[in-house]
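These notes are about the structure you will find just below.
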Amino acid sequence: MSKEARRFQTICWLGFCLAPLAAFPAAAQDQASGPTVIHETKHDVSPPLRDIVASLPATQPEASPRVIPLRLTSTGSEAPSSGSPDEVLQDSAGPLVGTTNLLNFEGTGADGVAPPDTNGSVGGTQFVQIVNVEYAVYDKSTGRRLLGPTPINAIWNGFGGLCQTNNGGDPIVLYDKAAGRWLVSQLAYTSNFSSNFQCIAISTGSDATGSYFRYAFDFGSNLPDYPKFGVWPDAYYWSTNTFPNGGAFVGAQACAFNRASMLAGSAGTAICFQKSTSVASLLPSDLDGSTPPPSGEPNFFLDLSSTSALGLFKFHVDFATPSNSTFTGPTSIPVSSFSEACGGLSCIPQAGTTQQLDSLGDRLMYRLAYRNFGDHESLVVNHSVTAGSSVGVRWYEIRSPNASPTVFQQGTYAPDSTFRWMGSIGMDQSGDIAVGYSASSSSINPAIRYTGRVPGDPLGTLESENSIIEGTGSQTGGLDRWGDYSSISIDPSDDCTFWYTSEYLAASGSFNWHTRIGSFKFTSCGGAPAPDFSLSATPSSQTVVQGGSTSYTATVTALNGFTGTVTFSASGLPSGANASFNPPSVTGSGSSTMNVTTSSTTPTGTYTLTITGTSGSLVHTATVTLVVTAATGGDFSISASPPSQTVTRGASTTYTVTVTSSGGFTGTVTFSVSGLPRHATGSFSPPSVTGSGSSTLTVSTAKSTARGTFTLTLTGTSGSLTHSAAVTLTVN
């Protein structure tokens with residue numbers, strides 16, 4: 001029976017059947033196209049996600065269990081090849097991996113869909129986990145859940161279209177460390193795959209429970225299956241396998257999404273290259289660490305080009321002149337020969353059942369992690385291979401990817417007869433490498449484990465593994481799908497702590513998976529990280545009439561004991577406009593109000609303003625949007641002070657909101673406030689002013705009010721005119 005037929009039979013047996021594979025002209029399989037420009041179909045900015053989730057029903061309707069199908073890119077082989085011995089097989093291990101285990105807590109559990117596609121990323125203060133079809137946010141210092149799990153499409157609530165109504169799966173979450181933002185994505189498609197969208201959301205700040213710039217990109221009848229993302233300075237790079245109408249595979253696709261525009265909440269554009277069937281399951285490189293790649297360096301894509309070589313591609317994007325964009329390669333990188341784990345199919349045994357699990361041995365496993373050490377650049381990646389009578393994790397470190405890419409070290413980790421697969425790999429600032437994976441055999445239930453190495457270990461070797469959790473159940477009921485991926489990410493706060501998340505079972509059954517989130521750190525990593533700070537700005541956009549003024553709040557958050565003074569400046573202002581900061585600088589953590597004033601001659605239009613915070617050699621930026629409209633019958637601007645207040649639960653505090661009229665405005669402005677934490681109230685005195693004037697906002701909390709820091713949006717409305725200002729409330 002063919003590989004496709006076996007997969008098709010399994011999916012139908014579980015109650016989810018695909019249409020027969022559609023024919024595709026043979027000529028298309030021999031050609032690659034591009035560059036092609038794809039414009040977003042829509043973008044907007046969402047309300048804070050925490051407010052959206054609070055408005056959803058407490059319980060979601062239950063759906064029948066379903067398998068999200070994985071479409072295959074080749075026929076593969078039916079069984080593991082006995083072939084030649086693996087020349088880089090590591091069949092023993094030394095002492096226990098030299099790490100300190102930190103947090104270890106439960107993630108999102110079964111939601112009626114399989115497999116979970118467990119994926120996560122760590123940010124400045126939060127860890128975000130995403131699985132097929134849900135999203136959750138955790139406090140990374142305690143593991144306490146801050147939001148969710150909630151359906152992923154809740155992020156697109158009110159957006160309209162398939163992104164709002166459909167949870168298509170294959171989700172990805174990444175923390176853009178340089179920008180301090182979150183990228184969240186998933187597919188959305190119709191049941192016959194005649195319409196297929198990639199839905200992308202970029203957070204407006206570092207809080208994953210806040211608001212998002214939301215985008216929908218239409219790929220027509222081409223289903224972009226198994227998409228993967230990587231963050232790079234000039235773009236968000238993306239790879240996928242293309243199946244027209246969900247039918248026959250026609251090749252991998254690589255796209256670059258305009259990162260600068262999407263960080264600013266402006267119109268989104270993607271530049272794409274469609275490859276032929278000889279290229280499949282590409283991975284884009286994803287930047288780790290604080291040192292960017294050399295200026296102008298392309299993003300790197302990698303695939304399994306054969307059983308003895310990797311294929312490296314280079315993607316250079318030019319959003320100003322898309323025709324200048326190039327996707328070149330592959331450069332063949334010879335590796336020690338291997339056989340795909342399980343021939344790319346299912347052969348992973350479990351205790352107490354004859355049910356075997358899927359290996360996904362036909363592709364590289366997410367992520368392709370990039371790091372620039374200054375004197376060299378490294379890429380690390382892994383996949384699953386046959387290791388004697390079991391399955392092991394094959395891993396690589398590739399150096400000089402933009403010059404003459406070479407394998408610096410490689411190995412197959414299989415120290416005993418246990419099957420190890422579904423890995424994810426990363427490298428910290430000291431060059432320590434960690435690999436997380438699933439482990440199972442006929443005598444143990446699937447477990448979540450990891451191992452790693454330090455630079456002083458012999459090349460190509462990993463130390464003895466450690467356990468995050470040992471499963472107490474096996475997957476049964478004819479369900480072989482497992483994964484389809486897991487995720488290691490590196491904490492940007494210290495550039496040393498690894499965070500790993502994957503699936504396991506607490507009891508035998510099907511569609512009853514659990515996930516686990518664990519963090520650990522090599523004891524030899526780095527020492528104390530350098531003090532630094534992050535910079536964010538709210539609101540993301542303000543509208544002002546010619547001659548009027550408006551304000552934004554710039555917030556500095558100290559990292560790693562930072563105590564320096566950050567001075568503010570602004571660029572990108574239109575002619576006739578100026579900006580001032582009050583206060584002009586902050587020490588450690590704090591906020592400043594940026595007041596923007598326009599003149600009657602300031603050109604109308606939409607402008608991206610860049611707020612820069614400077615402290616010695618440390619420089620960080622945040623962007624906001626200013627919309628200048630024509631003066632027609634007067635307008636008003638709104639500001640608020642102080643920019644932040646701190647209150648103890650059960651007490652109250654106040655802010656002053658001020659309306660300034662322009663162009664002869666004499667209307668009545670009514671006030672409202674949003675973004676308050678639960679069990680807190682806000683009232684204005686007076687509730688409105690006419691022309692110019694001020695009102696006092698009193699925020700009252702209760703003993704049950706949630707603790708934390710919240711961005712409050714103060715809005716003034718007069719007829720069709722609406723303006724707002726943002727302040728911060730910290731509840732102790």
Would you please say whether a donor-acceptor pair under 3.5 Å links the side chains of [X] and [Y]?
X      : Y      : answer
Asn241 : Ser281 : yes
Ser486 : Tyr500 : yes
Tyr437 : Glu465 : yes
Ser121 : Ser489 : no
Tyr236 : Ser185 : no

Handout entry: Residue from Thr497, Thr125, Asp491 passing side chain to side chain donor-acceptor pair (under 3.5 Å) with Lys140
Key =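 Between Lys140 and the candidates, side chain to side chain donor-acceptor pair (under 3.5 Å) is satisfied uniquely by Asp491.
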
When rounded to the nearest 0.5 angstrom, what distance separates [atom1] in [X] from [atom2] in [Y]?
X      : Y      : atom1 : atom2 : value
Ser378 : Tyr370 : OG    : OH    : 9.0 Å
Leu49  : Ile155 : CG    : CD1   : 5.5 Å
Gln186 : Asn119 : CD    : CG    : 12.0 Å
Glu463 : Ile433 : CD    : CD1   : 11.0 Å
Ile448 : Arg516 : CD1   : CZ    : 8.0 Å
Asp484 : Asp117 : CG    : CG    : 4.5 Å

Problem - Within residues 170-189 or reaching into it, pairs that qualify as salt bridge (Lys or Arg N to Asp or Glu O under 4.0 Å) - sequence neighbours excluded - result: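 Qualifying pairs, neighbours excluded: Asp176-Arg259, Lys177-Asp288.
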
Looking at every non-hydrogen atom in both residues, tell me the closest pair between [X] and [Y] and how far apart they are.
X      : Y      : result
Thr118 : Thr515 : OG1-CG2, 3.8 Å
Ser206 : Tyr175 : CB-OH, 4.0 Å
Ser389 : Phe419 : O-CZ, 3.4 Å
Cys342 : Val391 : SG-CG2, 4.2 Å
Cys496 : Lys521 : CB-CE, 3.7 Å
Ala439 : Thr418 : CB-CG2, 3.9 Å

Problem - Within the 6.0 Å centroid threshold, strictly below: Trp182 and Tyr212 - result: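 Not close enough - the centres of the two rings lie 6.0 Å or further apart.
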
Problem - Ring centers of Trp238, Phe257 separated by less than 6.0 Å - result: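 Ring-ring flag for Trp238/Phe257: true, centres closer than 6.0 Å.
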
Would you find a donor on one side and an acceptor on the other, under 3.5 Å apart, between the side chain of [X] and the backbone of [Y]?
X      : Y      : value
Arg481 : Ile68  : yes
Asn732 : Thr648 : no
Thr705 : His679 : yes
Asn196 : Pro224 : no
Arg678 : Ala706 : no
Ser510 : Gly477 : no
Thr701 : Gly650 : yes

Exercise for the section: May I have the step-by-step check of side-chain contact (heavy atoms from CB on, under 4.5 Å) for Phe522 and Ser430, ending in yes or no? Expected result: CA-CA 9 Å; Phe522 283 86; Ser430 296; over 6 Å; no

Heavy-atom side-chain contact between [X] and [Y] under 4.5 Å:
X      : Y      : answer
Leu96  : Asn466 : yes
Trp499 : Ser519 : yes
Pro455 : Asp432 : yes
Arg449 : Arg420 : yes
Met365 : Ser424 : no
Gln198 : Pro227 : yes
Gln164 : Asn153 : no
Leu103 : Ile517 : no

Practice task
Starting from the C-alpha separation in whole Å, work towards a yes-or-no answer on side-chain contact (heavy atoms from CB on, under 4.5 Å) for Trp513 and Leu505.
Solution key: CA-CA 5 Å; Trp513 46 263; Leu505 270 70; 4.3 Å; yes

Problem - Residue pair Ile200, Phe229: steps toward the side-chain contact (heavy atoms from CB on, under 4.5 Å) verdict - result: CA-CA 11 Å; Ile200 303 174; Phe229 273 94; 3.7 Å; yes

Practice task
Start with the C-alpha gap between Thr557 and Ser589, add the side-chain angles, then the distance that decides, and say whether side chain to side chain donor-acceptor pair (under 3.5 Å) holds.
Solution key: CA-CA 5 Å; Thr557 302; Ser589 297; 5.4 Å; no

Practice task
Could you give me the CA-CA distance, side-chain angles and deciding distance for Trp482 and Glu503, then say whether side-chain contact (heavy atoms from CB on, under 4.5 Å) is met?
Solution key: CA-CA 8 Å; Trp482 187 269; Glu503 74 164 301; 3.5 Å; yes

Practice task
Could I get the full list of side-chain contact (heavy atoms from CB on, under 4.5 Å) partners for Thr353, not counting sequence neighbours?
Solution key: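 With neighbours one apart ignored, the set is Gln350, Gln355, Ser474, Thr476.
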
Practice task
Going by the side-chain contact (heavy atoms from CB on, under 4.5 Å) test, name the single residue among Thr108, Val131, Val133 that passes it with Pro149.
Solution key: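 Output: one option passes, namely Thr108.
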
Handout entry: Passing option when Arg371 is tested against Ile490, Leu379, Leu287 for side-chain contact (heavy atoms from CB on, under 4.5 Å)
Key =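 The passing option is Ile490.
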
Practice task
Specify whether Tyr485 and Tyr226 have parallel, tilted or perpendicular ring planes, treating 30° as the upper limit for parallel and 60° as the lower limit for perpendicular.
Solution key: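 Plane angle over 60°, so perpendicular.
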
